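Numbers restart at 1 for each chain; the letters A, B, ... are given by sequence-line order, proteins then strands. It should be emphasised that the depicted structure is a prediction, and the values quoted were computed from it without experimental measurement. Computed from heavy atoms alone, side chains included, the values below leave out hydrogens, waters and symmetry copies.
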Amino acid sequence: MKRICFLFLIVAASCSPAEKKVEIISMNGLGALKLGMSQAEVETLLNEKLTMTKNYLDTLNGSYQDTAKATYKNIAVQLEFQRSVYAPDKFRIRLIGIRASNPLCKTATGVGIGTDNLKIIADYDDYHVKIQPGYANYFQTEEGEGKSTVSILDDAAITVDGADAYTMVFYLLNKKVVSFELKATLKEESD
Amino acid sequence: MQTGLHNLSSQFKPYVMRKIFLLLFIVVAANVSAQNKEYLLSLEGLGSIKLGMPLVELQKLLQTKITLKVIDVDPVMLVETIKAKYKDIDVDIDLIKRQDYIAVDRISTNNPLCKTSSGIGIGSTKLQIIAAYEGYYIDATPVYDNGDDNKPQKSKTKSTVTVKENTEGYAIMFTLLNHKVVSFDIYPIFDDAE
């Protein structure tokens with residue numbers, strides 16, 4: 001009987017769901033998903049072919065941005081890509097934005113979904129921080145009661161000419177994080 | 001009879017004393033409140049000195065004639081900084097030459113008497129400022145100084161926190177040294193200036 005119970009315990013333990021792993025949010029990415037990666041590199045990492053929302057990137061000339069929804073380690077993410085033309089008929093498509101709202105995503109100091117705005121400010125004391133009412137998107141601000149945006153800017157671009165610049169954006173409702181976005185302004189590449 | 005009068009007097013005295021103290025308290029409190037208003041920091045200015053105030057009004061307020069050495073002389077120069085005494089505190093005021101008149105364009109001071117309506121003043125911290133200005137646009141940044149190689153270097157001790165109601169308009173900039181406010185500047189900000 002004891003051996004049966006012991007055997008049962010071993011089987012039960014091996015069947016229990018694997019502990020969910022926290023993915024680290026950093027200025028330049030989420031876990032292994034890094035800003036600046038090419039579309040092909042992202043598709044290899046995610047093991048899926050991405051479908052762009054507006055589908056500009058395959059059909060229009062010039063430089064444009066487009067988005068795709070995907071799943072990274074069971075975390076729903078919205079990815080923003082930039083197509084940059086760097087020579088006649090030559091362009092690159094690179095990841096410039098990652099947006100998510102999963103509580104498994106946290107910074108190295110534990111900032112994530114549910115974190116208070118003052119903890120974010122305290123954790124990033126040495127950084128350039130911008131706070132504003134509403135949710136600041138690329139071209140407009142989504143206003144609403146209790147909504148605010150806290151942006152952490154990597155000011156490396158100020159000290160190094162032409163360097164990639166990164167921004168970590170937290171969207172808050174009633175002073176608590178509800179989602180985040182990582183953004184990059186990438187330096188122009190040449191052939 | 002005399003005992004009665006004595007009793008009446010001894011009951012009356014504490015009542016009168018209480019009334020006198022109450023009156024004194026009201027007078028002192030009113031004075032303190034009036035003084036606080038004179039040193040009140042807001043997005044509009046410092047006490048009675050308001051951004052946009054014409055030079056003529058400023059001179060009346062400060063009860064002094066201000067002699068301009070730059071903008072009244074050089075037609076190209078548009079801004080001049082003057083040092084002044086306002087209610088016994090030192091202030092720096094930027095005056096700007098507008099089309100028809102000269103006006104207050106910036107007010108700077110580091111006096112500990114100056115505080116915002118929520119009590120932010122000399123010695124306040126960044127977190128206190130941010131907590132006091134919920135719903136405002138806030139820009140908190142380290143100061144970048146030019147290093148020996150003339151490239152900008154992030155200061156380890158100096159930073160600023162700028163607060164405004166909208167993307168454009170008047171702003172208060174708190175300068176911090178070692179995480180504590182050491183001075184204030186109040187001035188207009190235009191969106192394309194950021």
Side-chain angles (χ1 to χ4, degrees), chain A residues 27 109 111 115-178 183 185 187, chain B residues 43 116 118-120 124-182 189-194:
Chain A
M27 293 296 291
T109 57
V111 172
T115 299
D116 184 79
N117 65 333
L118 293 182
K119 174 165 164 63
I120 303 171
I121 309 301
D123 279 6
Y124 289 93
D125 191 45
D126 290 343
Y127 284 76
H128 184 177
V129 176
K130 288 187 174 185
I131 305 167
Q132 70 170 93
Y135 292 159
N137 294 308
Y138 282 105
F139 302 111
Q140 60 186 11
T141 299
E142 186 187 321
E143 293 176 5
E145 186 73 31
K147 291 181 179 175
S148 63
T149 304
V150 177
S151 304
I152 315 292
L153 288 79
D154 173 3
D155 276 358
I158 293 176
T159 54
V160 180
D161 291 332
D164 296 338
Y166 301 100
T167 306
M168 193 188 296
V169 181
F170 295 99
Y171 299 102
L172 292 83
L173 187 62
N174 300 325
K175 298 190 246 185
K176 304 278 186 189
V177 176
V178 293
K183 299 182 184 181
T185 304
K187 63 184 176 187
Chain B
L43 285 164
T116 68
S118 48
I120 301 296
S124 294
T125 64
K126 178 162 65 175
L127 287 182
Q128 285 173 327
I129 297 169
I130 289 168
Y133 285 97
E134 189 185 325
Y136 283 73
Y137 287 75
I138 299 175
D139 192 333
T141 178
V143 167
Y144 284 81
D145 299 317
N146 278 338
D148 293 333
D149 53 359
N150 224 26
K151 286 186 177 173
Q153 285 184 4
K154 188 192 281 192
S155 169
K156 289 180 184 172
T157 57
K158 207 172 171 191
S159 63
T160 61
V161 179
T162 305
V163 175
K164 50 187 181 174
E165 278 184 315
N166 215 318
T167 51
E168 287 192 319
Y170 295 154
I172 303 179
M173 183 175 77
F174 300 92
T175 300
L176 289 83
L177 192 63
N178 297 320
H179 308 291
K180 303 272 187 187
V181 174
V182 293
I189 277 188
F190 303 103
D191 210 3
D192 56 357
E194 290 200 43

### Summary
Taken to the nearest 0.5 Å, the spacing of D125(A) CG from T125(B) OG1 works out to 9.5 Å

### Message
Using a 6.0 Å cut-off, check whether atom NZ of K180(B) has over 12 heavy atoms from anything other than its own residue.
### Response
no

### Message
Taking E134(B)'s backbone N and O only, do any of them form a donor-acceptor pair with K175(A)'s side chain (distance below 3.5 Å, no angle check)?
### Response
no

### Message
Can you give me the closest heavy-atom contact between D126(A) and P142(B), atom names plus distance?
### Response
O-CG, 3.2 Å

### Closest heavy-atom pair and its distance - G135(B), P133(A)
O-CG, 3.5 Å

#### Entry: Distance in Å, L118(A) CG paired with Q128(B) CD, rounded so as to fall on 0.5 Å steps
11.0 Å

### Query
Given side chains that start at C-beta, do those of K130(A) and T141(B) come closer than 4.5 Å, heavy atoms only?
no

### Task
Please look at Y137(B) and chain A and tell me whether the side chain, the backbone, both or neither of the residue comes under 4.5 angstrom of a heavy atom of that chain.
both

### Query
Do other residues, nucleotides or ligands put more than 12 heavy atoms under 6.0 Å from Y127(A) OH?
no

### Task
Apply the side-chain contact (heavy atoms from CB on, under 4.5 Å) test between I131(A) and each candidate in I138(B), V161(B), D139(B); give the one that qualifies.
I138(B)

